[in-house]
> 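Handing you this structure, nothing more for now.
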Amino acid sequence: MLPQRVAQLAQSEAGELQLARKGTGDVSTNVSHLWADISAKGSMSLSSAQLTQDLALANSAQKSADEALGHVQLAQSYIAQADGLPFQLHAAAFIATDRPALDHLDKALLASEKLIHAAILQLTLAQQVTADAQKIPTTLDPALNAHAWADAARASSALAEDLKPQQVSAAFADALLDPLWANWIDAMLAIATSAQQYSLAAAANQTQSAQQSAKTLAAARQQFAASFAAAQNGAAAWQAKTIQPLLDTVTRETTAGS
């Protein structure tokens with residue numbers, strides 16, 4: 001009975017290992033494609049359509065990674081069962097070869113899941129922030145240009161309220177977001193707050209205060225443009241420092257587990 005049980009476990013483990021290898025390889029490919037898109041100029045630079053597409057890819061990759069990890073864990077459980085069978089003179093041959101391979105696949109999937117989780121956080125935030133950025137030329141500026149101070153005050157207040165939680169999200173370490181993009185969000189919030197002050201002062205006919213707020217608003221706009229350019233220009237350095245080592249881990253461990 002003992003050799004038969006070992007053979008059954010070996011067959012079950014081999015099937016799970018094959019699925020784990022295929023799943024890990026697919027996840028590795030999707031993670032590489034995903035971060036090639038994000039890292040080119042930063043997630044905040046992607047179009048609305050690209051953000052939607054990449055977020056769908058990230059969510060799909062997350063599901064695939066979870067499934068692959070399940071196959072790894074099941075294969076490991078078969079190895080543990082075979083290793084724990086009593087009255088064996090020698091350990092089953094597949095244990096020595098497959099256990100290290102599964103350890104490599106496990107490491108590859110853990111690194112992949114870290115990158116996938118970061119991508120989902122970044123892309124979700126980017127959808128929110130880029131939508132808010134569009135409110136400046138489409139809602140806030142028309143009201144300011146028309147001297148519709150009440151409308152401008154409402155628009156700037158709403159924009160500021162939207163951006164405050166996004167400031168917090170940008171600082172989440174798990175998102176692996178370049179702090180230069182946090183600077184851009186800060187600059188956008190500065191536009192909103194200075195526009196609100198300008199609108200309220202102008203509505204109250206407080207000329208000197210309105211003039212000062214207008215200067216502050218102009219400076220905020222300059223910082224907004226400069227911080228966006230800086231974040232785009234810094235994308236390659238951030239990718240090399242923060243993202244590439246994880247991608248290298250995924251590739252190395254996937255290959256080692258194949």
Side-chain angles (χ1 to χ4, degrees), residues 37-56 58 118-172 175-238:
D37 280 350
I38 295 173
S39 296
K41 286 191 175 181
S43 55
M44 304 291 171
S45 300
L46 296 173
S47 68
S48 176
Q50 191 67 57
L51 286 171
T52 299
Q53 181 179 323
D54 284 346
L55 191 54
I120 290 172
L121 291 175
Q122 273 203 41
L123 294 167
T124 301
L125 178 62
Q127 283 185 325
Q128 298 165 345
V129 173
T130 54
D132 280 336
Q134 287 301 309
K135 294 175 184 177
I136 295 174
T138 61
T139 304
L140 178 58
D141 286 348
L144 289 172
N145 293 335
H147 293 181
W149 306 124
D151 290 343
R154 280 192 295 269
S156 56
S157 176
L159 180 58
E161 289 305 309
D162 281 349
L163 289 170
K164 287 174 183 176
Q166 292 166 17
Q167 269 188 316
V168 176
S169 297
F172 287 166
L176 302 179
L177 181 67
D178 188 344
L180 291 176
W181 286 114
N183 293 343
W184 182 60
I185 296 172
D186 290 345
M188 199 186 313
L189 181 58
I191 288 178
T193 54
S194 56
Q196 184 179 22
Q197 292 168 355
Y198 173 48
S199 302
L200 293 174
N205 292 318
Q206 297 173 349
T207 305
Q208 186 173 355
S209 179
Q211 289 175 343
Q212 182 58 48
S213 295
K215 292 179 181 178
T216 303
L217 176 57
R221 290 184 190 277
Q222 290 179 344
Q223 182 58 32
F224 180 63
S227 59
F228 186 82
Q232 282 194 328
N233 292 337
W238 179 257

> Is it true that a side-chain atom of Ser157 and a backbone atom of Ala153 form a donor plus acceptor pair closer than 3.5 Å?
no
> What I'd like to find out is whether the side chain of Ser43 reaches to under 4.5 Å of the side chain of Leu177, using heavy atoms alone.
yes
> Sequence neighbours left out, what pairs pass salt bridge (charged side-chain N to carboxylate O under 4.0 Å, His left out) with at least one residue falling in residues 191-216?
none
> Between Phe172 and Leu125, does a side-chain contact (heavy atoms from CB on, under 4.5 Å) hold up when you go through it step by step?
CA-CA 11 Å; Phe172 287 166; Leu125 178 62; over 6 Å; no
> Give a yes or no answer on whether the side chain of Gln128 reaches the backbone of Gln166 with a donor-acceptor pair at less than 3.5 Å.
no
> Applying ring-ring contact (aromatic ring centres under 6.0 Å, His included), can you list everything that pairs with Phe228, at least two apart in sequence or on another chain?
Trp181, Trp184
> Can you name the residues that form a side chain to side chain contact (heavy atoms under 4.5 Å, CB included) with Thr52, not counting sequence neighbours?
Gln127
> Can you measure from CD (Gln206) to CG (Leu200) and round to the nearest 0.5 angstrom?
9.0 Å
> Kindly write out the residues that satisfy side chain to side chain contact (heavy atoms under 4.5 Å, CB included) with Trp238, not counting sequence neighbours, or none if the list is empty.
Asp178, Pro179, Thr242
> What pairs of residues pass the salt bridge (charged side-chain N to carboxylate O under 4.0 Å, His left out) test when at least one of them lies in residues 182-196, not counting sequence neighbours?
none
> Using the test salt bridge (Lys or Arg N to Asp or Glu O under 4.0 Å), find all partners of Asp37 that sit at least two apart in sequence or belong to another chain.
none
> Please report the interatomic distance CE(Met188) to OG(Ser227), rounded to the nearest 0.5 Å.
8.5 Å
> Considering residues at least two apart in sequence or located in another chain, which fulfil the side chain to side chain contact (heavy atoms under 4.5 Å, CB included) criterion with Thr207?
Gln211
> Run the side chain to side chain contact (heavy atoms under 4.5 Å, CB included) test against Gln53 and tell me which residues pass, sequence neighbours left out.
Gln50
> If you round to the nearest 0.5 Å, how far is CG of Leu55 from OG1 of Thr124?
4.5 Å
> Could you give the distance from CD1 (Ile38) to CG (Leu176), rounded to the nearest 0.5 Å?
10.0 Å
> Can you name the residues that form a salt bridge (Lys or Arg N to Asp or Glu O under 4.0 Å) with Asp132, not counting sequence neighbours?
Lys135
> So do the side chains of Trp149 and His147 get within less than 4.5 Å of each other, counting heavy atoms only?
yes
> Taking only residues two or more places apart in sequence, or in another chain, which ones meet Lys164 in a salt bridge (Lys or Arg N to Asp or Glu O under 4.0 Å)?
Glu161
> Does Ile191 reach the side chain of Leu140, with side-chain heavy atoms less than 4.5 Å apart?
yes
> Sorted by first residue and then second, give each salt bridge (charged side-chain N to carboxylate O under 4.0 Å, His left out) pair with at least one member in residues 219-234; sequence neighbours left out.
Asp141-Arg221
> If every non-hydrogen atom of Gln232 is compared with every non-hydrogen atom of Ser45, which pair is closest and at what distance?
NE2-OG, 2.9 Å
> Could you report the tightest heavy-atom contact between Gly234 and Leu180, atom names first, then the distance?
CA-CD1, 4.3 Å
> Kindly give the heavy-atom pair with the smallest separation between Ala235 and Ala40, and that separation in Å.
CB-O, 4.0 Å
> To the closest 0.5 Å, what do you measure between CG (Asp151) and OG1 (Thr139)?
10.0 Å
> From Leu159 CG over to Leu189 CG, what is the distance, rounded to the nearest 0.5 angstrom?
7.5 Å
> Mind jotting down which residue pairs meet the side-chain hydrogen bond (donor to acceptor under 3.5 Å, both in side chains) criterion with at least one end in residues 194-205? Sequence neighbours excluded, please.
none
> Are any non-hydrogen side-chain atoms of Thr216 and Thr193 less than 4.5 angstrom apart?
no
> Heavy atoms only: give me the nearest Ala58-Ala119 pair and the separation to one decimal.
CB-CB, 4.4 Å
